[in-house]
Number of protein chains: 2
Amino acid sequence: MNEPRRMFTFTSHLSHSDISQVSLRTDPATETPILHATAEARAKGYDAVCFPLTNDIWKMRWRDLCLLPPGDIQDKEALERRAETWRSKPAFMRDEVTITRIDEAEGVVVMMSDWLELDAPDDWVRHDSEIALQQELAYASYLNVHTAILPPPRHRAHLASYARTVNTCINAIPYIQLSIRIPIYNPMELQFQSTTTDLSTADTSSSLLSSTEPSTATWEMWDTIRSVCGYNPRLTLTLDMTPPMPSVLTVLGQWSAEPVRHIFLPASTFIANAKGYPVLPKGAQSFIRDILKLQPNVILSGTSTGRHERGGEAAYSQYVRHLEKTSPLVQAAQTSGTVENFAQGYQDYLQAPLQPLMDNLQSVTYNTFEQDPVKYKQYEQAIFSALSDWRSREKIVICVAGAGRGPLVARCVAALKRARRDAYIYAIEKNPNAYVTLQERRQREWGDKVQLVFGDMRSVEVPPVDILVSELLGSFGDNELSPECLDGAMRFLKADGISIPASYTAHIAPLSSSKLFHETRVGHEEKATETPYVVMFQAINILSGNGGGISGKCGPQVQECWEFEHPRRDVVLDERGLPFTNSHNIRSAQLTFHIPHAGVLHGLAGYFEAILYRNIGLSIHPDRMHHVSKDMLSWFPIFFPFKEPLYLPTNSELHVSIWRLTNERQVWYEWYAEAFLPMPGTSSAPRYSPMSDRLDSESTPILSPSPLVDAVDIPVIVEEADEVKSTAGATGGSGSSVDLIKIGQTSLHNPRGRSSWIGL
Amino acid sequence: MNEPRRMFTFTSHLSHSDISQVSLRTDPATETPILHATAEARAKGYDAVCFPLTNDIWKMRWRDLCLLPPGDIQDKEALERRAETWRSKPAFMRDEVTITRIDEAEGVVVMMSDWLELDAPDDWVRHDSEIALQQELAYASYLNVHTAILPPPRHRAHLASYARTVNTCINAIPYIQLSIRIPIYNPMELQFQSTTTDLSTADTSSSLLSSTEPSTATWEMWDTIRSVCGYNPRLTLTLDMTPPMPSVLTVLGQWSAEPVRHIFLPASTFIANAKGYPVLPKGAQSFIRDILKLQPNVILSGTSTGRHERGGEAAYSQYVRHLEKTSPLVQAAQTSGTVENFAQGYQDYLQAPLQPLMDNLQSVTYNTFEQDPVKYKQYEQAIFSALSDWRSREKIVICVAGAGRGPLVARCVAALKRARRDAYIYAIEKNPNAYVTLQERRQREWGDKVQLVFGDMRSVEVPPVDILVSELLGSFGDNELSPECLDGAMRFLKADGISIPASYTAHIAPLSSSKLFHETRVGHEEKATETPYVVMFQAINILSGNGGGISGKCGPQVQECWEFEHPRRDVVLDERGLPFTNSHNIRSAQLTFHIPHAGVLHGLAGYFEAILYRNIGLSIHPDRMHHVSKDMLSWFPIFFPFKEPLYLPTNSELHVSIWRLTNERQVWYEWYAEAFLPMPGTSSAPRYSPMSDRLDSESTPILSPSPLVDAVDIPVIVEEADEVKSTAGATGGSGSSVDLIKIGQTSLHNPRGRSSWIGL
């Protein structure tokens, strides 16, 4: 059992009055208040302290300098001259800052003056706030402070100025991390959404806000800031959980995809439980349990004020630590055999997909995959079922196409034993190195009942086969060229033969992840975004929702792109039994996703599901994997990145096109997306009903429940087929009263020249 | 007088039956029908011919190969085998193509088979159409054909597949230009917009289409295709003017910004005038007159069918040539002294703005600008008016700050003479080379009344001055550092002195231009988009409209960013009389534009307007230039490019932020834009009323009519101030019933490190 990493660190927040109180306890001859407070916090188990860099003396001086008193004043020019002198050479006096020594700054998180208004409506306040921020950051940088938290934006109309200033600062000052403090919810909106009535100022002009729609307004401000800053990796997020907060936090997934480095959690967010100990309300609990996967630093504030009767100061961090230990993610990670446990250290790490047809795998790679406890059990069960169904009493011929180091051969042997059947087993392998292992195992384990065949399954000679077993699937099903390889093996499968797997499908969902977006852009070659990656998702958010959206025509959260079935009877073959062209393995899908909450599209998450035999399958589809093949470890999902982020508003629709393409030597995917906003009724051109002729196309299957999970009660929303089918007609015609207005698109991702599989 | 270039070329379109008829007149021993037809067309004055590359024999073979007959058929496998054979090695038979010799292909425009459905709903039809298109293009390329016209997209739901195929072809086949045939209007929509009733199939499901809103649906298809193709410069547009067309073509500006290389204009688009000659309806006339600036090739079709009584075949091209000759643009270009005449050859050519403070200009540059007939007349008139107003009878002191080669000095001398006043004239110049010319002119022309001062106006010694004259303005007003230079000269202007210019303003409008977008991306350094350019706009479209938009809060088409006034009395000065910092020359603007028709934002067009003295000014503001300073040649507009295109739907709002920023050594601009869609009433979060606190800011002036054109009746829409002022509150609050939904944003353009002016 692995010991999981601690997910949270804890930081103690010191207010100005906290620092003053510490001063009283500090012997100025031997230490400073900050050093004393840091030592105290460490002794209490905190990892660090966080406090404001400046004090009220600085605030007063800035105000005197920059805000002219109202009315006519005599010495206006003298005041202006003083301000200009400061602007030309901004500097602190010793008594204006909380830290004056480099040893005080070690490991601390400092807050920039919270009265700075980088987005003030007044030009001069904005300008002088920017100078003051640069002054504060330059001083923090001088002290080697690693993280500076900036005050939140306050005026949406001047958010661009706030963002521009942050961009200027982050580029002007090296090394330091800037963290933007953002409230989880905008309290202004909360007034009309929460049922509490203790809020003071009701703004009647906001009465149009629908009380059922959770808002993404503060996330949208963060998105603007980080976009203006070009996703600078030194820009992070400090989520502020200061109350008021709604009792139900429904739109929290959006933060999972962001660089949340700090959670600001004041004691006032805690409520008292029956015994008087501080606990968090339900919504905040589940948020904390979810966000821990980002391993943020929790800044606890006001914990020494005795706000709660019981537990004292330590109770707050102990409670959060309790939430951590009891979170499903941490518990899964601690449990041997789970994907979460297996995947530790691989989260959000981009790997190039295997190309086993082009490359010969190493033994260590086979070793990793052979450890999967579930996959081979499923295979054995499928082979056993097929053998049980096999009516002929003649000796069966089984062929393992792509035997590798032999795990499927061993499972065939085991299944035959269980089924009390006898068979010839042929094991084909093209990797000369693995072929040595196969010979070794035949000699030691299997004996004469296994016949080894060295070569490519598309060209070797094998007698007619009853059951063809293969494990050629990739994270996206067909992406390791299973269809093309099995096309080459079908020539020796008898007319009534069985292929295991019998079929497989590819599935996608739109995804947001600032981390993955950043990873695909830096540290890789220029065209790194032009290729899919295998990745264990963690700091991501799936943007799509279930349900039909406003137009009623959207599919579910994760949608099927296409299917491959084996054996394929409709392909015309040449005299060698091989297809003339690879045209029959071309696929395309046009899918429509409903985006219930605003987000930024960074890529597509891809999954596969395979039917091995009858109702025995393999699945990494997020809704079905636990039902079909729980705890299977062999496949992480695939990630199709987009070069440029695409902003998707609340209730928009995303139309994704994805193609599997081929020429004589290569197979590759291309992908593309367009965003639309549905406008009920009265909208204006351009408009069209893009899904209207979708049903005409064989290649775009409407969601049908998986045959693997038919009997299982999981939430799959099936479209109302009647309504969909009632729409018809081409460009310009629409059967519903919802018009779609195009609002954006991605580039076409066309990695043919780069990273396609040379296989045929 | 310059002879204007011919704007149009003409191409004769040959249908299959035209080619058959030519065959009858052709002697097969000496020539081919195509060569004969080409010779005939040239003899009739056409520049080229255009015809289909393939014929019906190929069409029949493709259909037999690729479309299986319905029902059970016996030899299905043989048919499939034949298709697969073709797919594996696509090739023409000699009798399937119209050209078989390279000399036939010289200078011709060929049309790809118009029955190819690259966007068919059926996967196989799409796939086989793509193979056929690649076959046709490969053959055209083999023949060295330069332009291939592709059939139009037909199914919006599969447009992405059409676009992907075009992208594949254009990358696979070098040199050849692919031109997408796009109807100006979608006839399906036209049915509900035009008043004609002769259209056959009325689609009742489209009855929601508003009849007053012109559609941009076909433009939107083009935009998708070229975006998917990454603005490939070999991808062009063939605008199809085949009827039906609406009688009024209101949304045509959008095509001005696109690479329209061909206009397909059939004889059926022409109507007969009273005498029976073919003429175009009004809407088509104005469209042709407007689009000629793109110098397209007009493909005339069906001109030999005798559709119109009079004029014969030649009447069609003669009529179009007549429209060309009588177009305002061609006439202006032929008239000496107009901007259009002066600017020939400079259209859409990107120039780096001058940096006269950093660089010393060459004599030839001065020479160009001194030729402006209007600018110096305005200056002389302003100086004359100022002299006339000057009450003191003492000898006046005039200073020309930045005298260059002396044009303003000469105008001062002339104005003094006209006003019958006497003055000391000081002429300051820092360019040592121009200073030689000044000495020459003083010796020869001006004598002792002009005193020359060599040096930077910010440091030279000059006695107190009554009237300070300068010409330091750039295309964006302050972009050549006029504010900073005049700050340095104000110390010797008397307290009641006059500055000419008295003030200047900067203006912007959102712009679309695929040509300028492409120019900023290629042939320049990597960060070429991070700098503004001076450019004479031609193939562009201003995206904004007048009027308040759906929210009622948008400004006019072109909006003022900020103003500088001289002399500036509120700046605090040091003992040398210079400002302590440049903070007072910082500016910012947040402007909201209404986008009445869908378009793609590629940049901002920038203009300036200056008040020299009282009502005498200089203006390149497109609505006012003709009233303020008609035929002034010295300034082309400025262009602020965006790195990535931003799609703007019909009726969206664009919020532009632009800043003029400064440090101790540099002045630069940063710019950024966000797109919103106004949703009446019922929309959902995120939302805000972004203009609500705009009025609090001094820096964002609401449109006020220019003092220079107050008396002139030009269309300037002034916002209804009452309505705007009634909205108040910060984020989340909205006083109107329109919510804005954010739909996209640009990058922040931040050229500080690159191309700012080092001047201070």
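Residue numbers start from 1 in every chain, and the chains themselves are labelled A, B, ... in the order their sequence lines are given, proteins ahead of strands.
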- Message: Working to the nearest 0.5 angstrom, can you tell me the gap between B:W659 CH2 and A:H127 NE2?
- Response: 15.0 Å
- Task: Assess the side chains of B:S588 and A:R126: does a donor N or O sit below 3.5 Å from an acceptor N or O?
- Result: yes
- Task: List the steps and the verdict of side-chain contact (heavy atoms from CB on, under 4.5 Å) for B:I741 and A:L677.
- Result: CA-CA 10 Å; B:I741 294 197; A:L677 255 184; 4.2 Å; yes
- Per-residue contact mode, A:S583 against chain B (heavy atom under 4.5 angstrom): both
- Under a 4.5 Å heavy-atom cut-off, does chain B meet the side chain of A:D223, its backbone, both or neither? both
- Of all heavy-atom pairs linking A:Y647 and B:K742, the shortest is CE2-O, 3.0 Å
- Note on the structure: So OG1 of B:T168 and CG of A:L748: to nearest 0.5 Å the spacing works out to 7.5 Å
- Query: Any salt bridge between B:K89 and A:E664, counting N to O under 4.0 Å?
  - Reply: no
- Query: Which residue out of A:R164, A:E84, A:E644 racks up the most heavy-atom pairs below 4.5 Å with chain B?
  - Reply: A:R164
- Message: Quick check for you: among A:L159, A:D128, A:L661, which has the greatest number of heavy-atom pairs under 4.5 Å with chain B?
- Response: A:L661
- Message: Just verifying a value: how many Å separate A:S88 OG and B:D574 CG, rounded to the nearest 0.5 Å?
- Response: 10.0 Å
- Note on the structure: Ranked by heavy-atom pairs below 4.5 Å to chain B, first place among A:I586, A:I131, A:N171, A:T224 goes to A:T224
- Item | Heavy-atom check, side chain of B:Q745 versus side chain of A:S227, under 4.5 Å | yes
- Contact origin within A:W219 toward chain B - heavy atom pairs under 4.5 Å: neither
- Task: Examine whether an atom of A:L573 lies under 4.5 Å from a heavy atom of chain B, and if so say whether it belongs to the side chain, the backbone or both; otherwise answer neither.
- Result: backbone
- Message: Walk me through whether A:R87 and B:H584 qualify under side-chain contact (heavy atoms from CB on, under 4.5 Å).
- Response: CA-CA 11 Å; A:R87 287 183 196 115; B:H584 61 286; over 6 Å; no
- Mind checking whether B:Q590 and A:S161 have side chains closer than 4.5 Å, heavy atoms only? yes
- Heavy-atom proximity to chain B below 4.5 Å, by part of A:T746: neither
- Note on the structure: Rounded to the nearest 0.5 Å, the CH2 atom of B:W562 sits from the CG atom of A:D123 at a distance of 10.5 Å
- Under the salt bridge (Lys or Arg N to Asp or Glu O under 4.0 Å) test, which residues partner A:E77, sequence neighbours left out? A:R81
- Query: Under a 4.5 Å heavy-atom cutoff, which of A:A160, A:A120, A:C229 has the most pairs with chain B?
  - Reply: A:A160
- Item | Interchain contact, B:S657 with chain A, by part (heavy-atom threshold 4.5 Å) | side chain
